[in-house]
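Below: one structure, written as structure tokens.
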Amino acid sequence: MNEPTSVLSSKEGVSPASFDHAPENPSGRPPGVIIVGPPWPRSGTARVIQNQIHYYRERGFFTVFIAVPFLWYSINVAQNPKEMIEMIKGMNELGADRMFTATLDQKRYNAAKYKASVRHAFRGTALDWQVVVGEAARLSDKDIDFLSGLRAVLFHVNHVYTLGFALNLRRRLFGGGFPLPIIVETHDVQSHLLQDRGDRNPWTGRPDRLERLIKSETALLEKANVLIH
């Protein structure tokens with residue numbers, strides 16, 4: 001994997017050097033890395049994730065990639081078998097040992113909007129909204145059972161939009177015990193991209209000011225143990 005441009009922060013107790021090689025395990029099962037990212041096959045983001053998977057596999061880790069939707073039109077994709085098959089085919093090209101796709105339906109999307117409104121007291125940003133939508137995506141019970149049996153040691157999260165999903169999954173799999181470390185790789189400053197596109201805030205109906213977007217993005221990224229930008 002290409003070296004990151006910079007590591008902006010690394011909280012105490014997490015050393016990237018500790019993942020240079022998979023630790024020995026008497027059971028013979030290799031430790032696992034759960035890699036999370038958007039469902040964007042054959043994209044620049046996909047190439048970065050492919051490099052991550054190669055990096056961990058070369059060092060003896062079992063890799064699981066989870067594609068996480070965070071935009072409203074993902075509901076339609078989930079209901080279109082042809083689009084889903086094509087997307088899964090593209091994501092399988094990344095080379096992970098296992099690949100799962102989280103899905104989003106209308107009921108969860110509506111619940112996410114209510115949850116986000118309560119959480120942010122109707123003062124959230126367009127970035128907050130997309131992260132909450134990502135949180136609402138779900139894996140099947142079969143996928144959860146597989147992950148529960150995985151000897152996972154790390155989450156590697158791509159794009160801030162999928163961070164809420166990863167935090168929820170970590171709580172579901174490992175409860176309140178010692179949490180697995182989370183690396184977040186940003187790829188871009190999403191606040192700049194949202195402002196450039198003029199994305200509208202779902203509560204105000206207007207684009208957010210850059211200062212508000214930066215504040216939201218920073219607060220989210222502070223939840224990671226290691227931040228790569």
Side-chain angles (χ1 to χ4, degrees), residues 4-11 35-41 43-49 52 66-78 87 101-138 155-171 182-229:
T5 304
S6 62
V7 178
L8 298 187
S9 68
S10 179
K11 295 182 181 178
I35 301 170
V36 180
W40 296 340
S43 63
T45 289
R47 297 288 76 81
V48 173
I49 294 172
Q52 293 167 1
I66 304 175
V68 179
F70 59 88
L71 296 169
W72 66 268
Y73 59 73
S74 300
I75 297 171
N76 298 327
V77 173
M87 186 194 72
T101 302
T103 57
L104 184 68
D105 60 29
Q106 189 66 53
K107 182 178 179 181
R108 289 174 184 152
Y109 181 86
N110 294 340
K113 189 167 186 177
Y114 174 78
K115 179 180 178 180
S117 298
V118 172
R119 178 187 299 175
H120 297 288
F122 296 92
R123 293 194 294 271
T125 65
L127 179 63
D128 294 320
W129 166 239
Q130 292 183 14
V131 171
V132 172
V133 172
E135 287 182 28
R138 290 290 181 270
F155 280 86
H156 194 131
V157 177
N158 291 275
H159 288 278
V160 66
Y161 301 116
T162 66
L163 178 57
F165 174 90
L167 290 167
N168 278 350
L169 180 61
R170 183 174 68 172
R171 283 192 294 270
I182 289 181
I183 294 175
V184 173
E185 192 156 345
T186 60
H187 298 249
D188 301 288
V189 179
Q190 298 303 324
S191 300
H192 293 166
L193 299 182
L194 287 170
Q195 188 185 55
D196 290 345
R197 291 200 306 261
D199 285 27
R200 294 182 180 274
N201 182 309
W203 294 285
T204 67
R206 302 186 302 272
D208 295 298
R209 290 183 292 106
L210 179 60
E211 294 79 6
R212 292 196 68 227
L213 289 169
I214 290 289
K215 185 177 180 181
S216 292
E217 189 167 5
T218 301
L220 288 161
L221 293 174
E222 284 177 347
K223 299 179 186 293
N225 300 96
V226 174
L227 173 62
I228 302 175
H229 176 65

Is the shortest side-chain heavy-atom distance between [X] and [Y] below 4.5 Å?
X      : Y      : answer
Glu185 : Gln52  : yes
Leu221 : Val160 : yes
Val131 : Asp128 : no

Under 3.5 Å donor-acceptor, [X] side chain and [Y] backbone:
X      : Y      : value
Asn201 : Trp203 : yes
Asp208 : Ala126 : yes
Asp196 : Leu193 : no

So how far is it from [X] [atom1] to [Y] [atom2], rounded to the nearest 0.5 Å?
X      : Y      : atom1 : atom2 : value
Phe155 : Asn225 : CZ    : CG    : 11.0 Å
Ile182 : His156 : CD1   : NE2   : 11.5 Å
Asn158 : Ile66  : CG    : CD1   : 12.0 Å
Glu217 : Leu210 : CD    : CG    : 9.5 Å
Thr162 : Leu169 : OG1   : CG    : 11.0 Å
Leu127 : Leu213 : CG    : CG    : 6.5 Å

Can you name the nearest heavy-atom pair linking [X] to [Y], along with the distance?
X      : Y      : answer
Glu135 : Phe165 : CG-N, 3.9 Å
Val36  : Ala166 : CG2-CB, 4.4 Å
Pro69  : Ala102 : CD-O, 3.3 Å
His159 : Thr45  : NE2-OG1, 3.0 Å
Arg200 : Gly205 : NH1-O, 2.7 Å

Greater than 12 external heavy atoms within 6.0 Å of Arg206's CZ: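 No, the 6.0 Å shell around CZ holds no more than 12 heavy atoms from other groups.
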
